[in-house]
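In what follows, every heavy atom counts, from backbone to side chain, and hydrogens, waters and symmetry copies are set aside.
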Amino acid sequence: MTAHGFFCWSPAAIVFDCDGTLMDTERHWQDARNRVFREFGLKPPAGFAERAKGVHYTECGSLMARETGKPELTGDMTHSLLRHFTAMVAADPVTMPGAAALVRLAARHLPLAVASNCPLDMVESSLARAGLLGHFGHIVVAGAGLRPKPHPDVYAAAADLCGVRPQDALAVEDSVTGIDSARAAGLRALGVGPRPAGRGADRADLWVDTLADPELVAWANAWIAD
């Protein structure tokens, strides 16, 4: 879809990723990983930050242990990663630029949901601290039979809970892993944040630097609020 085509379309529901999309937690995610590496006397492999973006924390812990040649530490590193990340998010909940305004506008006109790879209590607590939790009708996370992104499960479930067909819903994501999940579920996808390396951004229908992008804001006011 071209940018023109995207901006001439109006979704029936919007499903947001949380970390790195609504909440500014990607820096916490990286800091937590680095703390775990230091805690176990290990060094992050080259390019690990990009490979870990959008990955479920259990898979990330496994990846950290495997890529450092310490597969026997998978359980310990995963537990430590979640502990550090949870503490950092709780101590410093900050929304991404434009996220709160877009959520508050869209919530007046459309059903909204969150689809995340993070634990439910973490998603709910960070959104609550940011004053955004009440705008979402549904919070869908991996687990209880739903596979994590990049599998389509969380996005498919979120669209269904919003009562719309997947192709009529928009996913908002900051990672290629999340974009792949949304597209596999049949949703259109808006990518936000630093453009991924290579052609990863091409997997989204549109990619913007921030949810405060002027064209995106104008579209939201014209098409979502119409």
Side-chain angles (χ1 to χ4, degrees), residues 1-27 54 93-116 118 123-124 126-140 149 154-183 185-196 200-226:
M1 180 186 290
T2 64
H4 175 75
F6 181 92
F7 288 129
C8 289
W9 172 71
S10 180
I14 303 180
V15 184
F16 291 86
D17 170 56
C18 184
D19 295 297
T21 300
L22 293 174
M23 303 301 299
D24 185 8
T25 53
E26 189 58 35
R27 57 198 169 91
V94 179
T95 57
M96 296 297 289
L102 179 59
V103 167
R104 289 171 180 142
L105 171 66
R108 297 200 299 267
H109 306 277
L110 301 173
L112 303 184
V114 169
S116 178
C118 285
V123 175
E124 290 183 335
S126 60
L127 291 176
R129 288 187 177 92
L132 297 179
L133 182 61
H135 294 295
F136 294 97
H138 308 283
I139 308 291
V140 182
K149 306 170 190 177
V154 290
Y155 274 108
D160 184 61
L161 287 168
C162 287
V164 304
R165 301 182 306 169
Q167 60 265 39
D168 295 327
L170 173 66
V172 185
E173 268 284 353
D174 73 312
S175 71
V176 174
T177 297
I179 294 291
D180 287 345
S181 171
R183 295 305 297 268
L187 284 73
R188 297 187 184 187
L190 171 67
V192 60
R195 292 180 71 88
D202 295 343
R203 303 182 196 179
D205 292 282
L206 178 71
W207 200 285
V208 295
D209 293 334
T210 167
L211 293 179
D213 176 87
E215 280 193 285
L216 183 67
V217 172
W219 169 78
N221 280 285
W223 290 88
I224 295 176
D226 185 11

**Asked** Just wondering, are more than 12 heavy atoms of other shown residues or ligands nearer than 6.0 Å to CD in Gln167?
**Response** yes

**Message:** Looking at every heavy atom in both Pro111 and Cys162, which two are closest together, and how far apart are they?
**Reply:** CG-O, 3.9 Å

**Request:** Report yes if the side chains of Val176 and Arg203 come closer than 4.5 Å at any heavy-atom pair, otherwise no.
**Result:** yes

**Prompt:** Does any N or O in the side chain of Thr210 come within less than 3.5 Å of the main-chain N or O of Asp213, such that one atom is a donor and the other an acceptor?
**Reply:** no

**Request:** May I have all residue pairs that pass side-chain hydrogen bond (donor to acceptor under 3.5 Å, both in side chains) and include part of residues 10-22, sequence neighbours excluded?
**Result:** Asp17-Thr21, Asp17-Lys149, Asp19-Thr25, Thr21-Asp174

**Request:** Find out whether Cys18 and Cys118 are in side-chain contact, i.e. whether some heavy atom of one side chain is under 4.5 Å from a heavy atom of the other.
**Result:** no

**Request:** Provide the closest heavy-atom pair for Leu161 versus His138 in the form atom of the first, atom of the second, distance.
**Result:** O-NE2, 3.0 Å

**Asked** Are the side chains of Val103 and Leu112 in touch, meaning some heavy atoms are under 4.5 Å apart?
**Response** yes

**Request:** Check whether any side-chain heavy atom of Ile14 lies under 4.5 Å from a side-chain heavy atom of Pro11, and answer yes or no.
**Result:** yes

**Asked** Hey, mind stepping through Thr95 and Leu22 against side-chain contact (heavy atoms from CB on, under 4.5 Å) and telling me if it holds?
**Response** CA-CA 6 Å; Thr95 57; Leu22 293 174; over 6 Å; no

**Fill in**
Residue set satisfying side-chain hydrogen bond (donor to acceptor under 3.5 Å, both in side chains) with Arg165, at least two apart, ordered chain then number -> Asp168

**Request:** Identify the two heavy atoms, one from Phe7 and one from Leu216, that lie closest to each other, and give their separation to 0.1 Å.
**Result:** CE2-CA, 4.0 Å

**Message:** Is any side-chain heavy atom of Val208 closer than 4.5 Å to one of Leu206?
**Reply:** yes

**Item:** Check: Leu127 and Met23 side chains under 4.5 Å, non-hydrogen atoms
**Value:** yes

**Prompt:** Tyr155 and Ser181: which non-hydrogen atoms are nearest, and at how many Å?
**Reply:** CD1-OG, 3.2 Å

**Complete:** Correct closest heavy-atom pair for Leu102 and Ala220 would be CD1-CB, 3.8 Å

**Request:** With the side chain counted from C-beta on, respond yes when Leu132 and Arg104 share a heavy-atom pair under 4.5 Å apart, and no when they do not.
**Result:** yes

**Distance (rounded to the nearest 0.5 Å) between Trp207 CH2 and Ile179 CD1** = 5.0 Å

**Prompt:** Atom CZ in Phe16, atom NE2 in His135: separation rounded to 0.5 Å?
**Reply:** 11.0 Å

**Sub-4.5 Å side-chain heavy-atom contact between Leu170 and Val15** = no

**Item:** Closest heavy-atom pair and its distance - Ala159, Leu187
**Value:** CB-CD1, 4.4 Å

**Message:** Less than 4.0 angstrom from a charged side-chain N to a carboxylate O is my criterion; do Arg183 and Asp205 meet it?
**Reply:** yes

**Step-by-step ring-ring contact (aromatic ring centres under 6.0 Å, His included) determination, Phe6 to Trp219** = CA-CA 9 Å; Phe6 181 92; Trp219 169 78; 5.0 Å; yes

